[in-house]
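Remember, it's 1-based here, ligands and their atoms both numbered in the order they're listed.
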Amino acid sequence: MDNRPIGFLDSGVGGLTVVKELMRQLPDEEVVYIGDSRRAPYGPRPSSQIRQFTWELVNFLLSKNVKLIVFACNTATAVAWEEVKKELDIPVLGVILPGASAAIKATNNGHIGIIGTAMTVKSDIYRQKVQLLSPDLQVMSLACPKFVPLVESNESASSVAKKVVYETLKPMVNQVDTLILGCTHYPLLRPIIQNVMGQTVKLIDSGAECVRDISVLLNYFEINRERTTLSKRHQFFTTASSQAFDDIAQSWLNIPIKSRTIRL
Ligand code: I24
Ligand code: DGL
């Protein structure tokens, strides 16, 4: 047993989609979350910056005595996960490998699609991971730079979203039987994406797959948190306004949140 919290990092608030999955699948675990909203979004940034920012988030989490670190951001995982994982002596999980391996299991016709931010798609990391495990699979990737701004302007269910998602995903329709949602924000667009791609296409939520791997890892190393009568104390940190963070986090997670603003 290990009662230390699990550390989550993200470019902003999108990683809360992964935290919500954690709270559903592993409700006894405690969370320390750091979101770099002051410098978000990471997707359009050069990789040198993303690497540097990600290290700052990692070092912050290490100072909070976490038992494991989860990269709850596809873009940070694409750029810095391999490097960080090599340097640390606690386990470091990203969202990309779990998403890639779930897609391999899900596909019937061997044609997998992946959508994400400009940097995630540019890195080509999902294709590399899929083809490392299954060289014969075909991977089609597509950057969707309009999707994050859509979600962040509260348009996830609007007719504008339907139009933008339809126009963006057109080249993928009928080309794949499995589509990886390779960005934290995309689960919010899931109903529209499903509609555009067709009901038979299997959508893979990388964040949810990552939490399944967290569960396996906690069991393997026997580092689950013991169920105590003491209440859990999740900790949330942001590099921007704590009020703005709390508003989004509370409405998304349905629990009271008091985050703190930190300077990195
Ligand atoms: N969703 C996200 N980011 C935002 C947003 C949103 N504004 C409305 N909604 N803003 O990400 C980013 C910039 N902010 C962040 C906080 O600090 C200041 C700057 C997706 C979040 C997924 C959990 C829409 C919205 C919401 C509540 C819950 C979910 C959601 F308002 F998508
Ligand atoms: N969290 C990022 C991701 O999953 C999306 C938002 C951003 O570009 O920072 O790729």
Side-chain angles (χ1 to χ4, degrees), residues 8-24 31 33-47 49-54 57 70-81 93-100 114-126 141-158 160-161 180-192 204-210 236-255 257-262 264:
F8 289 81
L9 65 83
D10 179 45
S11 55
V13 289
L16 295 173
T17 56
V18 187
V19 169
K20 189 169 186 162
E21 263 309 306
L22 181 99
M23 290 175 171
R24 195 179 68 81
V31 168
Y33 183 97
I34 170 72
D36 193 7
S37 290
R38 185 171 65 83
R39 298 182 293 196
Y42 280 9
R45 287 182 180 275
S47 57
Q49 271 186 358
I50 299 167
R51 180 170 295 113
Q52 189 207 318
F53 296 169
T54 303
L57 300 174
V70 180
F71 279 35
C73 174
N74 287 265
T75 305
T77 305
V79 172
W81 176 65
L93 285 177
V95 277
I96 289 180
L97 207 44
I114 140 80
I115 54 175
T117 64
M119 178 52 71
T120 298
V121 168
K122 180 165 174 262
S123 76
D124 209 34
I125 186 98
Y126 269 104
S141 61
L142 189 65
C144 303
K146 291 183 177 162
F147 287 12
V148 165
L150 260 186
V151 172
E152 298 193 347
S153 52
N154 287 309
E155 295 273 2
S156 294
S158 74
V160 180
I180 303 171
L181 307 179
C183 174
T184 50
H185 287 47
Y186 297 177
L188 284 107
L189 295 168
R190 184 175 188 135
I192 298 181
I204 306 293
D205 178 341
S206 285
E209 299 303 333
C210 170
F236 294 88
F237 299 90
T238 174
T239 57
S241 148
S242 60
Q243 187 59 58
F245 184 98
D246 293 352
D247 289 345
I248 293 170
Q250 280 171 166
S251 91
W252 180 246
L253 299 173
N254 301 311
I255 54 169
I257 306 271
K258 269 230 137 312
S259 66
R260 272 181 282 164
T261 300
I262 56 144
L264 285 178

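Nearest to atom 19 (C) of ligand 1 among the protein's heavy atoms is Ser37 CB, 4.5 Å. Protein heavy atom closest to atom 30 (C) of ligand 1, with residue, atom name and distance, is Leu188 CD2, 3.9 Å. Counting only heavy atoms of the protein, atom 18 (C) of ligand 1 lies nearest to Ala244 CB, 3.6 Å. At the top of the distance list for atom 7 (N) of ligand 1, counting protein heavy atoms only, stands Glu152 O, 3.3 Å. Annotation: atom 31 (F) of ligand 1 to nearest protein heavy atom, Asn154 OD1, 3.5 Å. Among all non-hydrogen protein atoms, the one lying nearest atom 10 (N) of ligand 1 is Ile248 CD1, 3.8 Å. Atom 27 (C) of ligand 1 has as its closest protein heavy atom Ser251 OG, 3.1 Å.
A heavy-atom separation below 4.0 Å is not found between Gly12 and ligand 1.
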Could you pull out the N/O contacts under 3.5 angstrom between ligand 2 and the surrounding protein atoms?
| residue | atom | partner | partner atom | Å |
| --- | --- | --- | --- | --- |
| ligand 2 | 1 (N) | Asp10 | OD1 | 3.0 |
| ligand 2 | 1 (N) | Ser11 | OG | 3.3 |
| ligand 2 | 1 (N) | Thr184 | OG1 | 3.0 |
| ligand 2 | 4 (O) | Asn74 | N | 3.0 |
| ligand 2 | 4 (O) | Asn74 | ND2 | 3.4 |
| ligand 2 | 4 (O) | Thr184 | N | 3.0 |
| ligand 2 | 4 (O) | Thr184 | OG1 | 3.3 |
| ligand 2 | 8 (O) | Tyr42 | N | 3.4 |
| ligand 2 | 8 (O) | Gly43 | N | 2.8 |
| ligand 2 | 9 (O) | Ser11 | OG | 2.6 |
| ligand 2 | 9 (O) | Tyr42 | N | 2.7 |
| ligand 2 | 10 (O) | Thr75 | N | 3.2 |
| ligand 2 | 10 (O) | Thr75 | OG1 | 2.6 |

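Residues Val19 and Trp252 form no side-chain contact, since every pair of their non-hydrogen atoms from C-beta on lies 4.5 Å or further apart.
The number of heavy atoms from other shown groups lying within 6.0 Å of NZ (Lys122) does not exceed 12.
Nearest heavy-atom pair across Ala78 and Ile125 is CB-CG2, 3.8 Å. Shown here for Arg45 and Ile50, the closest heavy-atom pair between the two residues is O-CD1, 3.4 Å.
In summary, the atoms of ligand 1 found under 4.0 Å from a heavy atom of Trp252, numbered by their order in the structure, are 23 (C), 28 (C), 29 (C).
Residues forming a side chain to side chain donor-acceptor pair (under 3.5 Å) with Arg260 (at least two apart in sequence, or on another chain): none.
In the model, Thr238 has no side-chain atom that pairs as donor or acceptor with a side-chain atom of Ser259 under 3.5 Å.
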Steps toward side chain to side chain contact (heavy atoms under 4.5 Å, CB included) verdict (Ser206, Ile180):
CA-CA 7 Å; Ser206 285; Ile180 303 171; 3.5 Å; yes

From CA spacing to verdict: side chain to side chain contact (heavy atoms under 4.5 Å, CB included), Leu150, Val160: CA-CA 8 Å; Leu150 260 186; Val160 180; 4.3 Å; yes

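Residue contacts with ligand 1 for Val151 involve both N, CA, C or O and side-chain atoms from C-beta outward (heavy atoms, distance under 4.0 Å). Heavy atoms of His185 found under 4.0 angstrom from ligand 1 belong exclusively to the side chain.
A distance-only check finds a donor-acceptor pair linking the side chain of Thr239 to the backbone of Ser37 [under 3.5 Å]. Put simply, the side chain of Tyr186 gets close to the backbone of Gly116: a donor and an acceptor are under 3.5 Å apart. Panel note: side chain Ser141, backbone Val121; no donor-acceptor pair is recorded below 3.5 Å.
If you check each of Val13, Asp247, Asp10 against atom 21 (C) of ligand 1, the one with the closest non-hydrogen atom is Val13.
Between Tyr33 and Phe8, the ring planes are parallel. Angles under 30° get that label, and only those over 60° would be called perpendicular.
For atom 14 (N) of ligand 1, no protein heavy-atom neighbour is found at a distance under 4.0 Å.
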